[in-house]
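Computed from a prediction, not measured in an experiment: that's the story for all the values here. First the proteins, then the strands, lettered A, B, ... as listed; each starts at 1.
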Amino acid sequence: MERFYITTPIYYVNDRPHIGHAYATILADVLARYHRLLGIPVHFLTGTDEHGQKVWEAAQLAGIPPQAQCDRTVVRFQQLWEQLAITHDDFIRTTEPRHTAVVQEILAELHERDEIYSAEYEGWYSVSEERFYTEKELVDGRSPEGKPVQRIRETNYFFRMSRYQQWLIDYIESHPEFIQPEQRRNETLGFLRQPLGDLCISRPRSRMPWGIELPFDRDYVCYVWFDALVNYISAVGYRRDEETFRRWWPADCHLIGKDILTTHTVYWPTMLHAMGLEMPRTIFAHGWWLSGGSKMSKSTGNVTDPIEMADRHGVDALRYYLMADMTLGQDAVFTEEGFALRYNADLANDLGNLASRVLRLVERHRDGRIPHPDETAAGPAEETLRRAVLAAVGEMERRLRAMQIDRGLAAVIGAVRETNRYVDQSAPWTLAKEGATTRLATVLYHACEALRIVSGLLFPVMPGKMAELRASLGLTGEEIAPRLERLRVWGELEPGRPASAPPSLFPRIDRRAHDTAARGAARRPAAKKAKTEGLISFQEFSRLALRTARVLEAEPVAGADRLLKLTVDLGDERRQIVAGIAPAYAPDDLVGRTVVVVANLEPATIRGVRSEGMLLAARQGDRLGIVTVAGDVAPGSAVG
RNA sequence: GGCGGUGUAGCUCAGUGGUAGAGCAUGCGGCUCAUAACCGCAGUGUCCCCGGUUCAAAUCCGGGCACCGCUACCA
């Protein structure tokens, strides 16, 4: 019997949730919901990875046990998933006994079977970074980060991964669906052309106190991947609940980011093989959301906060944008501008407006009840509409199975446009004036029926808004959540049910206001509206010496909460600049970054510190974002 | 350096051996039920460059350039 077991990566509990986490989890949720819509039993797993150095340090800092630290931070994910309408069936934490005990059993068995052995390892170790480097990685006798290293010998445990190299190559080659998209499959095969080493799976407890103890050596804990990856099987009852395990394993889809490709396409398959378990059907690597060409990440400071986006424009709109604007597997660009364009075009103008116009007509002319259609009053226009909408049902299902959600959504929006066309051509408002009540009822019924099907197809992506819309069509209770077999049939909507126009489903985003905010400092053609107040001439603009600068040093200004004292390289000189960005940036975040400064600003003394210029930053309420330069530009370059 | 990917309308992208497509943005027209919305029409492109195969290539082959990813760093 067909079933669908889908997983997200487990997220590091110490991370602050960002758009990357949100995207992966929403994607998994959308896939899970679509499979439920198809009537397929679904098991959707997500969770958190809770061991490791950073958790330990954070706990030390907070003066609490590491488990308490995890308990404290895990809620950030759990709450976010709730806010984003995530419908996972299980949430596994790697510190739970149901996980740790299974990891230990697996380790014990593999050790017994000589799949795990101990060996002495010698290498260059950086104490401050807590990691080893190979001879080749060292730069001038230091770590690539410039930290001192020392030669140390250490015994560790290794998993005999190398012995499965050829098996893995053969498996990947004979299972084209195993690693997707194809590019990632090639990447993995490319990686496997080099000799595969054994995998170090332990850390001495003295160096890494927070982890799962090795059952055969209490001085060691299990190292990250052998712990984390096992969540996919421990969560569904491996070695604990045979029936549940057989029901769900092997997983149908491990959804991962492209940054953890190798761990999932090399480590994990060989681990499973050593355990004698089946391979997951598909490991699917999605792309990243980029902002101005760089990866969204905390270290580059360009994180878009998913919670804020959801608060501002609605969870459903965020989910829709993320699903509609990314071709699965490729990278995509995340911008407010892109969001607004997509939202207005598809949701406000096409779908929201369609619902509004149709349901208001129903309210006004049919007493707020789903009208009774008269088939003798139906003609070719109704047939065209019916075909177009039902075709979208098939298209959505096809695209979904091919992991092309964006294309499926485009097909559904196409059906919405077709319905708008139908309403225009049938002109129900004219029919009302002419008193053609039978024909009017028929037209409005067909338009509502199209809305019923479309709302069902979009439900997995926008469960909240589509539930509202479906309720407006008179659906209640269990009818709100759609089922495919009811979407495939035209004419399911029951006449006579109460229908009402909901308050604006997707209010338009005012792009004029948005543009002003978004463009701010961006250059605009000044000539066009030269007479308008508040504009400056190009000459006036030219007086500003905007230049790029590299931050060399940064430190807080004593006695000031908001100020940082920066030393910057302007290419031909060094400058000291005081900037009020301490609330948003730690000094270490800034060093090495290329920023934009006003170089010919009159010097000033702020809090007793001389400032020779101004650092540009965008401000929104109390949020701050420094202005940086995309691409590699030398310090001192002119900006304009 | 090796491997892989990408390069198509202003933007985001689809596509195919046979007169170049969609959405958005733009312009014009229509309608007025509706969220300054909707509907219609209109464009614009050396389909990265050079060469080859072919009756015919943007689509196949060879070479090059640019960007991205993975991987390796050779003397």
Side-chain angles (χ1 to χ4, degrees), chain A residues 134-139 144 179 181-196 257-263 265-266 285 287-288 290 293-295 317 321 324-335 337-366 381 395 399 402 404 406-414 416-434 440 443-444 447 451 465 501-513 515 630-632:
Chain A
T134 62
E135 189 81 46
K136 291 166 186 167
E137 284 175 307
L138 297 185
V139 182
I179 302 171
E182 199 179 345
Q183 193 198 145
R184 302 300 165 199
R185 183 168 176 264
N186 291 335
E187 221 172 280
T188 306
L189 286 169
F191 180 85
L192 288 170
R193 270 197 282 275
Q194 270 96 45
L196 188 62
K258 62 182 184 178
D259 50 331
I260 49 175
L261 183 74
T262 308
T263 54
T265 59
V266 178
W288 279 327
L290 308 176
S294 59
K295 184 191 167 193
Y321 173 63
D325 248 40
M326 181 181 271
T327 298
L328 210 42
Q330 294 179 12
D331 289 346
V333 179
F334 188 105
T335 60
E337 177 83 2
F339 176 89
L341 285 169
R342 170 68 72 176
Y343 174 95
N344 277 349
D346 291 1
L347 299 183
N349 295 353
D350 287 348
L351 177 58
N353 182 49
L354 173 66
S356 172
R357 65 197 302 210
V358 169
L359 287 166
R360 286 208 192 191
L361 286 165
V362 170
E363 274 186 345
R364 192 171 312 153
H365 300 296
R366 310 305 306 171
E395 182 73 0
R399 294 299 189 176
Q404 296 176 317
D406 58 325
R407 307 289 296 282
L409 291 175
V412 178
I413 293 300
V416 171
R417 292 207 182 89
E418 188 63 39
T419 311
N420 267 320
R421 248 187 304 276
Y422 167 76
V423 172
D424 267 37
Q425 282 162 11
S426 313
W429 49 93
T430 306
L431 297 173
K433 275 181 203 151
E434 292 169 349
L440 174 61
V443 167
L444 291 180
L451 279 173
K465 290 293 183 181
S504 200
L505 210 54
F506 300 104
R508 274 178 68 81
I509 296 172
D510 184 344
R511 291 246 292 121
R512 286 165 306 173
D515 280 1
D632 206 0

All ring pair (Phe, Tyr, Trp, His ring centres under 6.0 Å) counterparts of Y321(A), not counting sequence neighbours: W289(A), F334(A), F339(A)

Can you check the [X] [atom1] to [N] [atom2] distance for me, whole Å?
X       : N      : atom1 : atom2 : value
R184(A) : C68(B) : CZ    : P     : 15 Å
D350(A) : C38(B) : CG    : C1'   : 9 Å
Q425(A) : C38(B) : CD    : P     : 16 Å
Y343(A) : A25(B) : OH    : C1'   : 20 Å
N353(A) : C31(B) : CG    : C1'   : 13 Å
D331(A) : C68(B) : CG    : P     : 12 Å
E418(A) : A22(B) : CD    : P     : 15 Å
R421(A) : C33(B) : CZ    : P     : 21 Å

Side-chain donor/acceptor of K465(A) to backbone N/O of F506(A), under 3.5 Å: no

Taking the [atom1] atom in each of [N] and [M], what is the distance between them to the nearest angstrom?
N      : M      : atom1 : answer
A57(B) : C33(B) : C1'   : 50 Å
C3(B)  : C73(B) : C1'   : 14 Å
C68(B) : A58(B) : P     : 28 Å
C48(B) : U6(B)  : P     : 12 Å
U26(B) : U16(B) : P     : 31 Å
U35(B) : A42(B) : C1'   : 27 Å

Distance-only side-chain donor-acceptor flag, R508(A) / N353(A), under 3.5 Å: no

Please produce a list of atom pairs where a protein N or O lies less than 3.5 Å from an N or O of nucleotides 1-10 of chain B.
residue : atom : partner : partner atom : Å
C3(B)   : O2'  : R193(A) : NH2          : 2.9

Phosphate OP1/OP2 of C38(B): any N349(A) side-chain N/O under 4.0 Å: yes

Between CD1 on residue I179(A) and CG on residue L189(A), distance to nearest 0.5 Å: 6.5 Å

Side-chain touch S356(A)/L505(A), heavy atoms, less than 4.5 angstrom: no

Q404(A) and D406(A), any side-chain heavy atoms less than 4.5 Å apart: yes

Sugar-phosphate only, base, or nothing, as touched by A345(A) at under 4.0 Å among non-hydrogen atoms: sugar-phosphate

Closest non-hydrogen atom pair between E363(A) and A501(A), with its separation: OE2-N, 2.9 Å

